[in-house]
Amino acid sequence: MSKSIKSFVAALAVLAGSTALVPAQAQAQDTKVNIAISGWTGFAPLTLAKEAGIFKKNGLDVSIKKIPQKDRHLAIASGDVQCAATTVETWIVWNTNGIATTQLFKMDQGMGSDGIVARNTINKVADLKGKTVAASAPGTNPHFTLAWILKKNGLTLKDVNLVTLEPAPAANAFVAGTGNLDAAVTYEPYLSLVRDKPESGKLIADSLQYPMVFDTFGCTPKFIKENPKAAKALTESYFQALEMIAKEPQKAFTIMGADVKQTAEQFEKSQSKIKWADREANKKFFNGEIQAFNKEAAELLLEIGVIKTKPTNLDTLFDTTFLN
């Protein structure tokens, strides 16, 4: 064997040896997935999973896109994103309007993190009759929240003057005293703007009094069918993010807070008003709780004209396979 051939063979041996040292997962192509969320505190474990490398560790190449709830279904329909986090009733709206999506796991539940703030002269929900209230567009949770709470107090959306504003602008306008707003529907971290300025107003109804804010994560049926391992990895990454929050709270709060321009301390305060759902809470939720909520939610969505017909089988809107 010539000297040049010997050198070539030796080089191949070195290359082969170095490749063998590379973990199998690193050699495999990470599954790309785009996820649509908002700055809502309850979605922060997804940000944590990305920034702390949890998604990457589980073979996922994740991009997180901040898209208002009113536009999130358009991003799914265009193929720009494959997965999203949103409230449970929103999946009813999307699927009814032709945007096929399937929920995979519950993320959080509002425990006073969402609500209606009103001027200090307004003492109860019934006092909102004839008043100007800011809420997001039809088909979003703030709009649904307002309709739900009004109905529980004998009113309808027709009883208020509705101004369309997203949660952050609604809270800012309310605190600033602009737009002649008597009340606004918002959520954390923006709700804290009002909590910190009691002279501007007060909370008159929240998701602790009215338990109807449940957030879940889902993807298109096409993505789930073509990428079952990725669907499982997304689910496990969420639970691993919760584990990190429990074990390293300060580090986790720092990462999650930075994404919404909050300090670790501010984020910790903000998240105290929500309850993230662990695996057991998920199993309980999908075994009776979501069914009862979906039935009532679908009826209200139909009543306020957000949907024209109710899905024939609401249980097709979620798949608990990946929770096991």
Side-chain angles (χ1 to χ4, degrees), residues 34-44 46-47 63-103 107-108 110 113-117 132-150 156-158 160-174 178-179 181 183-191 193 207 212-220 259-260 294 297-298 300-311 317:
N34 295 333
I35 300 172
I37 67 171
S38 66
W40 158 239
T41 300
F43 298 155
L46 297 175
T47 300
S63 292
I64 293 180
K65 303 191 175 190
K66 296 286 181 63
I67 301 173
Q69 190 182 27
K70 65 183 180 66
D71 301 323
R72 229 166 283 166
H73 65 297
L74 301 176
I76 294 172
S78 69
D80 188 38
V81 302
Q82 298 77 45
C83 304
T86 192
T87 48
V88 171
E89 81 284 346
T90 307
W91 302 101
I92 299 176
V93 178
W94 289 355
N95 279 277
T96 302
N97 292 332
I99 310 298
T101 41
T102 304
Q103 298 162 81
M107 291 195 65
D108 65 82
S113 52
D114 325 68
I116 302 173
V117 293
T132 300
V133 184
S136 191
T140 65
N141 182 255
H143 183 269
F144 178 80
T145 294
L146 179 60
W148 180 284
I149 294 175
L150 287 175
T156 71
L157 291 173
K158 294 178 181 179
V160 300
N161 301 314
L162 199 57
V163 175
T164 302
L165 281 175
E166 290 299 294
N172 284 317
F174 183 81
T178 58
L181 299 180
V185 185
T186 188
Y187 51 60
E188 292 292 358
Y190 319 116
L191 190 56
L193 295 175
S207 53
M212 43 71 65
V213 179
F214 313 107
D215 288 297
T216 51
F217 180 94
C219 305
T220 65
D259 185 61
V260 288
N294 273 348
L300 179 58
L301 289 167
L302 188 66
E303 185 179 305
I304 62 178
V306 173
I307 59 174
K308 302 302 180 186
T309 58
K310 289 190 291 185
L317 303 186

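These numbers come from the heavy atoms of this one structure, side chains and all, not from hydrogens, waters or symmetry mates. If you're wondering where the values come from, they're calculated on a predicted model, not measured in any experiment.
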Spacing of H143 atom NE2 and I304 atom CD1 [to the nearest 0.5 Å]:
5.0 Å
Closest heavy-atom pair, A137 versus T164, reported as atoms and distance to 0.1 Å, is N-CG2, 3.8 Å
Listed once per pair and sorted, the salt bridge (charged side-chain N to carboxylate O under 4.0 Å, His left out) pairs that draw on residues 72-93, sequence neighbours left out
K65-D80
With under 30° as parallel and over 60° as perpendicular, where do the rings of W40 and F43 fit, or are they tilted in between?
perpendicular
Going by the rule side-chain hydrogen bond (donor to acceptor under 3.5 Å, both in side chains), which residues pair with T216 if we only count those two or more places apart in sequence or in a different chain?
W91, Q103
Contact between V260 and T47 at the side-chain level, heavy atoms closer than 4.5 Å - yes or no?
no
For the residue pair A134 and L165, what are the closest heavy atoms and their distance?
CB-CD1, 4.0 Å
Rounded to the nearest 0.5 Å, what separates atom CD1 in I149 from atom CZ in F144?
10.0 Å
For the residue pair M212 and T145, establish whether any side-chain heavy-atom pair is separated by less than 4.5 Å.
yes
P189 versus G39, closest heavy-atom pair with distance:
CD-O, 3.6 Å
Looking only at heavy atoms, which two atoms of L191 and G115 are closest? And how far apart?
CD2-N, 4.4 Å
If you round to the nearest 0.5 Å, how far is CG of N294 from CZ of F214?
10.0 Å
With a 4.5 Å heavy-atom cut-off, do T87 and Q69 have their side chains touching?
yes
Just by modelled atom types, is the E166 backbone N or O under 3.5 Å from a matching donor or acceptor in the S136 side chain?
no
Can you find a pair of side-chain heavy atoms, one from K66 and one from I37, that are under 4.5 Å apart?
yes
Rounded to the nearest 0.5 Å, what separation is found between the CD1 atom of I92 and the NZ atom of K310?
10.0 Å
Nearest heavy-atom contact between P138 and V306 is CB-CG2, 4.2 Å
Heavy-atom closest contact (I116 atom, A183 atom, distance):
CG2-CB, 4.2 Å
Please walk me through it: do M107 and L46 pass side chain to side chain contact (heavy atoms under 4.5 Å, CB included)?
CA-CA 9 Å; M107 291 195 65; L46 297 175; 3.6 Å; yes
So, the side chain of N95 versus the backbone of T101: is there a donor-acceptor pair under 3.5 Å, distance only?
yes
Is there a donor-acceptor pair under 3.5 Å between the side chain of S207 and the backbone N or O of S113?
yes
All ring pair (Phe, Tyr, Trp, His ring centres under 6.0 Å) counterparts of Y190, not counting sequence neighbours:
Y187
Distance col, row N141:CG vs L146:CG, nearest 0.5 angstrom, shows 11.0 Å
Could you give the distance from CD1 (I35) to CD1 (I67), rounded to the nearest 0.5 Å?
11.0 Å
